[in-house]
Amino acid sequence: MSFPLLTVTAAVPAVGAILTAAVPAARRTAAKWLALLVSLVTLALAAAVMVRFEPGGDRYQLVESHSWIADFGVRYELGVDGIGVALIALTALLIPFIILAGWHDADPLETKSSRWRPTQGFFALILMVEAMVILSFEATDVFLFYILFEAMLIPMYFLIGGFGDRAHAGSDENAAAQRSYAAVKFLLYNLVGGLIMLAAVIGLYVVAGNFSLTEIAEARASGQLEMATNTERLLFLGFFFAFAVKAPLWPLHTWLPNAMGEATAPVAVLITAVVDKVGTFAMLRFCLQLFPEASKWATPVIIALALVSIVYGALLAVGQRDIKRLVAYASISHFGFIIMGIFAMTSQGQSGATLYMVNHGISTAALMLVAGFLISRRGSRLIADYGGVQKVAPVLAGTFLIGGLATLSLPGLAPFVSEFLVLVGTFARYPVAGIIATTGIVLAALYTLVLYQRTMTGPVVTEEVRTMPDLRVRELVVVAPLIALLIFLGVFPKPLTDIVNPAVSHTMSDVQQKDPQPEVEAAK
């Protein structure tokens, strides 16, 4: 029996979460170092998964399959394709930086709310989310995936509601009320999506007789399993609705600005750069592979919703006065690009969408974490409370600028490659949609540069900014590798595209689509 690398990669952070939570209350620093060590071991295991994965090999590799609930055909079944490998690597890469950035976010406060800040619990919850997300990228049993899809909501609920942003205007009671509202809204939206998906999962079992993604897909491709058109479309809608809530896609997006605004900056990164990627990943793995005809049937509407997300999210980002909510609305716009690339049904679009998931995770982490460092110094999330930061903290301002330029997809930085591929792939099949989507680029430049101008340039007008320290060593350790990755993948994206492209070819085959050929007028 081969070494169960995929299981171990997910089990290490899960066990680490239990051990971290068990550290005595007085040993907060030990709990932090233990959580960081566990996240680094997980990163090493994720690197081993990348090394052992062969891009030109079988579609699903490092497969593990064991009977779980035999009476209902449920199996503990794992396997990774290139898309899953890339997102496992992203998750494992970001968690150590999230832990370092949140090093003091759960330290006790001498206030009534201090009881909601057990340090051990904070870092244990982060590791538990990491374990569930990694396992969801590995699961090839639909029922197993559903359990993970829903279970990750529990630790996220406590991270949002119990460990909120300290830079909150108003009383402790008001801050606690807003955190609770954001956490409950996050939970309810995602639970409703999950319940609808559960009905679709049960329906899929009734039709197929098992929950194995690979067996169902093979049976469909060989013609051994046929679904009535209406049945397939209903099942597709049940799955897609849940994924669209998680993604988040307009108009199911409204929980995200509240959750990111009230959470600490590291938890905000965990939400949008890690957890939300499960939704877009699942669209590729489950919607397109299990329901190819229904996916093509729904494409025009999904493209339209993605366009609304792109423009709507960018417009609302332009008008924001809160730094963290601005980044949240920018993420809604970026997720619109990802979903549009997936359902453009072209290899360029889907490769770009997968790269966008990775690159958006890195760029959003860089921008939001630097924003968190900024907010912790000033004690305010309001853009109007800043100005002239580059005069007193030039390194902080410089890293903030690079994170912002990555967000607007500046050429030479990683998100440019993915956004360009999404637009090219969309334009090839839906030229009008591709043209409309480019307005998101213009608006991204507007909200990013205006944010930088209002916070970093101009005179220093407040004493809080005048005495602001520059980035410390721990903060530089967090930010510098992310910026280096943004530059490296912007100049040389080949390591990612080599892993992703074969998986995209399989997905294109699932939906029986080929790239449109350019119309060239014959020479006279």
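Scope of the values below: all heavy atoms of this structure, side chains included, with no hydrogens, waters or symmetry mates.
The ring of His253 has its center closer than 6.0 angstrom to the ring center of Tyr312.
Heavy atoms of other residues, nucleotides or ligands lying less than 6.0 angstrom from CZ of Arg59 number more than 12. Other residues, nucleotides and ligands place more than 12 heavy atoms under 6.0 Å from the OH atom of Tyr452. Heavy-atom neighbours of Phe53 CZ from other residues, nucleotides or ligands within 6.0 Å: above the threshold of 12.
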**Prompt:** How far apart are the C-alpha atoms of Thr7 and Tyr76, what are their side-chain angles, what is the distance that settles it, and do they pass the side-chain hydrogen bond (donor to acceptor under 3.5 Å, both in side chains) test?
**Reply:** CA-CA 10 Å; Thr7 294; Tyr76 175 79; 2.7 Å; yes
**Message:** The test is side-chain contact (heavy atoms from CB on, under 4.5 Å); show your working for Leu423 and Ile441 and say whether it passes.
**Reply:** CA-CA 11 Å; Leu423 289 172; Ile441 301 175; 3.4 Å; yes
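Side chains of Leu87 and Val278 form no contact here, defined as non-hydrogen atoms less than 4.5 Å apart. Using a 4.5 Å heavy-atom cutoff, the side chains of Glu130 and Val133 are not in contact. Using a 4.5 Å heavy-atom cutoff, the side chains of Ile436 and Met340 are not in contact. You'll find the side chain of Leu187 stays beyond 4.5 Å of the side chain of Trp255, heavy atoms only. No side-chain heavy atom of Val274 sits less than 4.5 Å from a side-chain heavy atom of Val269. Counting heavy atoms from C-beta outward, Met456 and Leu451 have side chains that stay 4.5 Å or more apart.
From Leu401, atom CG reaches atom CG of Leu410 across 9.0 Å, with rounding to the nearest 0.5 Å. Atom CD1 of Ile332 sits about 11.0 Å away from atom CG of Leu252, to the nearest 0.5 Å. Separation of atoms CD (Gln320) and OH (Tyr447) is listed at 11.5 Å; rounding is to 0.5 Å.
A tilted orientation is assigned to the rings of Phe286 and Phe145, their planes being inclined by 30° to 60°. Using a 30° and 60° split on the angle between ring planes, Phe240 and Phe236 fall in the parallel class, below 30°.
Side-chain N or O atoms of Ser309 include none that pairs as donor or acceptor with a backbone N or O of Gly336 at under 3.5 Å. Using modelled atom types, one side-chain atom of Thr438 and one backbone atom of Ile435 make a donor-acceptor pair closer than 3.5 Å. Of the possible donor and acceptor atoms, one in the side chain of Thr426 sits under 3.5 Å from a partner among the backbone N and O of Val422. At least one donor-acceptor pair closer than 3.5 Å links the side chain of Lys246 to the backbone N or O of Phe149. Side chain of Ser39 to backbone of Ile95: no donor-acceptor contact under 3.5 angstrom is found.
Test Glu293, Glu226, Glu232 against Arg220 for salt bridge (charged side-chain N to carboxylate O under 4.0 Å, His left out) and you get one pass: Glu232. Of the listed residues (Leu78, Ile134, Val80, Leu43), just one forms a side-chain contact (heavy atoms from CB on, under 4.5 Å) with Thr9, and that residue is Ile134.
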